[in-house]
Amino acid sequence: MSYVSKSPWIIHYDGSSCNGCDIEVLAALTPLYDVERFGIINTGNPKHADIFLITGGINERNISVVQEIYNQMIEPKVVIACGVCACTAGIFKDCYNIIGGVDQAIPVDVYAPGCAIRPEAIIDAVVEGLGILEEKAKKLEAEKKGA
Amino acid sequence: MGKAQVIPFGPQHPVLPEPIHLDLVVQDETVVDVLPQIGFIHRGLEKLVETHDIHQYIYVAERICGICAFGHSMGYAETVERLMNVEVPKRAEYLRVIMHELSRIHSHLLWMGLAADAFGYESLFMHTWRLRERVLDIFEAVAGGRVILSYTLLGGVTNDVDEPMLAHIKDVLAGMKKEYNELCNAFLKDTSVKNRTVGVGTLSQEEAIEYGIVGPFARASNVNNDVRCIGQGAYGELSSFEPILDTDGDCYARVKVRALEVLQAIDIINELIDKIPGGPILNPVKGAPEAGSEASGILEQPRGEVYYYCSGNGTKNLERMRIRTPTSQNIAGMTMALKGCDLADVNMIVLSIDPCISCTER
Ligand code: SF4
């Protein structure tokens, strides 16, 4: 991936995380790590977002919320599971209210482990996500032409 | 008066990183009633004591909340130590309190940043978070982690902090203090901040007592419930400790209390670093708590008083572990403060209690 054709906007949702990963996601947006220099902006509106950063596992109560946010996002979209909780439910795996990682609710494109995930890992994951976003966009384009 | 309508707030909302859902009943632009719904982050952590033994549970306790991670591990460890009558070395007590006060600085700065974001002062948000990174650097140098530290062990702490490092912490704090005072100027004197906070979401002293609210939220309404005053652990060795109180009970008072608490925390850390005794840092805990033994403990966390209860059953696993967190107390006060406010102020008031949903729901 030599260049990106657009600046991706992200949306962040806290599944059932302990906050550790959430504050790291926010830290990635602030001056020390500053992902804004790549044009990445945090938005609150799923319809504006290209990348869905989700922290924490899925439980009975939030599974519908997560699916709702995912469905409201417009194609092409990429889901990044931030932190080991979002990947596999991590330390909370044995809890009675936890269903599992984010992939139990929606398809995940990039798994970024770490407890808590480091901002560098988040940036790496987003950059990887950008490549996937680009590919998905191309595929969509080709389908449109074919139709 | 127009017809009453219900406006949903959350669970996914830009101003809060965490999910809480409020049904706001509004009439014209005024909020007349608030119905909170919680449970989006409930995991069931208290039950994990059945599968994790007392030593392993420290790492679970830490993950009750990533912001006061160190506080929870410390509070849990203190309670289990009391349950098993373990003496903690003095130096470890000092190190714990130093780390805990550093967490308070990081937590309050984090909150001040989010508050700045809530009243639309983006650059102030960025500056507070920039300053906060210095505390995280100290954490990383001491414990190896930025937010989840795993620094506590039953009976002490994992590793010592040597003299040069302690001196370095003092240096960093001295440097921070200067920049922090400039930030404080913006938070406490800027008219655009005052316009959004003064007189917003007022809670009187009587209401604060009636709803049993805790932490800086209560102290802003002139209720002194800072449990650091009791002087547990190294807090008892401070030459003096005066909780920071304010009488106005509005959002501005809450910003002010937290802003001053950061300076107070810096002073506490400096004093403890000057006084810290030498000696061992760990008194290893062996065996298991006796059947039928019970212990409880309290700790003043950045958001207020946390209560811990543990009981043993003769095995390595606890029989029961219970935590009461500050936000579960404060949500009642928050709904009270929201009634009668403008719809546009909801963000600010919700944030002003510094909600920590993941503690509340565990
Ligand atoms: S991965 Fe660790 S830090 Fe992140 S939400 Fe889970 S427990 Fe918290």
Side-chain angles (χ1 to χ4, degrees), chain A residues 11-34 36 42-46 48-49 52 54-66 68-69 72 83-85 89-99 114-120, chain B residues 10-21 37-48 50-52 56 59-60 62-69 72 106-107 110 113-114 117 123 125-134 136-137 140 145-148 150 356-359 361-362:
Chain A
I11 182 165
H12 161 236
Y13 182 72
D14 170 349
S16 58
S17 91
C18 77
N19 266 346
C21 288
D22 302 300
I23 56 179
E24 292 295 58
V25 168
L26 284 181
L29 298 166
T30 51
L32 186 66
Y33 297 98
D34 194 18
E36 236 178 277
N42 189 14
T43 158
N45 187 344
H48 294 168
F52 185 10
I54 175 158
T55 56
I58 295 297
N59 67 19
E60 306 287 347
R61 183 98 153 96
N62 70 24
I63 183 163
S64 56
V65 181
V66 171
E68 183 64 25
I69 296 175
Q72 282 189 19
V84 80
C85 280
I91 191 167
F92 307 132
K93 199 165 81 258
D94 303 327
C95 291
Y96 57 80
N97 200 30
I98 292 282
I99 302 175
C115 181
I117 185 170
R118 293 189 61 92
E120 290 94 334
Chain B
Q12 186 265 327
H13 195 278
V15 67
L16 274 181
E18 291 180 281
I20 179 170
H21 181 90
Q37 287 180 28
I38 57 169
F40 293 95
I41 327 191
H42 178 60
R43 292 151 286 181
L45 285 184
E46 287 177 4
K47 202 170 163 62
L48 280 191
E50 289 168 16
T51 48
H52 292 63
Q56 292 167 335
Y59 306 107
V60 179
E62 237 175 358
R63 287 161 175 85
I64 290 169
C65 165
I67 305 178
C68 5
H72 277 300
H106 123 76
S107 171
L110 180 145
L114 290 179
D117 194 35
S123 54
F125 164 56
M126 292 294 177
H127 277 295
T128 22
W129 277 60
R130 178 179 54 80
L131 211 55
R132 174 179 160 267
E133 289 290 340
R134 308 238 185 110
L136 300 191
D137 286 345
E140 205 171 352
R146 279 165 51 89
V147 287
I148 304 281
S150 305
C356 178
I357 312 297
S358 102
C359 287
E361 302 178 349
R362 299 184 286 285

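These values consider heavy atoms only, across backbone and side chains, with no hydrogens, waters or symmetry-generated copies. Order of the sequence lines fixes the chain letters, A, B, ..., with proteins taken first and strands second; residue numbering starts at 1 for each chain.
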Checklist entry - For E24(A), is it the side chain, the backbone, both, or neither that has a heavy atom closer than 4.5 Å to a heavy atom of chain B? => result side chain
Checklist entry - Between N42(A) and H12(A), is a side chain to side chain donor-acceptor pair (under 3.5 Å) present by the stated rule, with each step listed? => result CA-CA 7 Å; N42(A) 189 14; H12(A) 161 236; 5.5 Å; no
Checklist entry - Among G90(A), P119(A), G57(A), who wins on heavy-atom pairs under 4.5 Å with chain B? => result P119(A)
Checklist entry - Under a 4.5 Å heavy-atom cutoff, which of R132(B), R63(B), R130(B) has the most pairs with chain A? => result R63(B)
Checklist entry - By a 4.5 Å heavy-atom criterion (distance strictly below it), what part of I67(B) contacts chain A: side chain, backbone, both, or neither? => result both
Checklist entry - Side chain, backbone, both or neither: which part of I69(A) has an atom under 4.5 Å from a heavy atom of chain B? => result side chain
Checklist entry - Of the backbone (N, CA, C, O) and the side chain (C-beta and beyond), which part of H21(B) lies under 4.5 Å from a heavy atom of chain A, both, or neither? => result neither
Next on the checklist: Please find the pair of heavy atoms, one from C359(B) and one from C68(B), that lie closest to each other, and give the distance.
Outcome noted: SG-SG, 4.3 Å
Checklist outcome for this item: Under 4.5 Å to a heavy atom of chain B? For S17(A) that would be backbone
Item to check | Among R43(B), H42(B), K47(B), the one residue meeting side-chain hydrogen bond (donor to acceptor under 3.5 Å, both in side chains) with Y96(A) | outcome: H42(B)
Item to check | Contacting region of D94(A) [heavy-atom separation from chain B under 4.5 Å] | outcome: both
Checklist entry - So what's closer than 4.5 Å to chain B heavy atoms on C115(A): side chain, backbone, both or neither? => result both
Checklist entry - Given the options H127(B), H52(B), M126(B), which has more heavy-atom pairs under 4.5 Å with chain A than any of the others? => result M126(B)
Checklist entry - Which residue out of N62(A), L26(A), D22(A) racks up the most heavy-atom pairs below 4.5 Å with chain B? => result L26(A)
Checklist entry - Which answer fits E140(B), side chain, backbone, both or neither, if we ask what part of it has an atom under 4.5 Å from a heavy atom of chain A? => result side chain
Item to check | chain B contact via A89(A) - which portion, at a heavy-atom distance below 4.5 Å | outcome: neither
Checklist entry - Between N19(A) and G66(B), which heavy-atom pair has the shortest distance, and what is it? => result CB-N, 3.7 Å
Checklist entry - Which bit of Y13(A) comes within less than 4.5 Å of chain B, counting heavy atoms only: side chain, backbone, both or neither? => result side chain
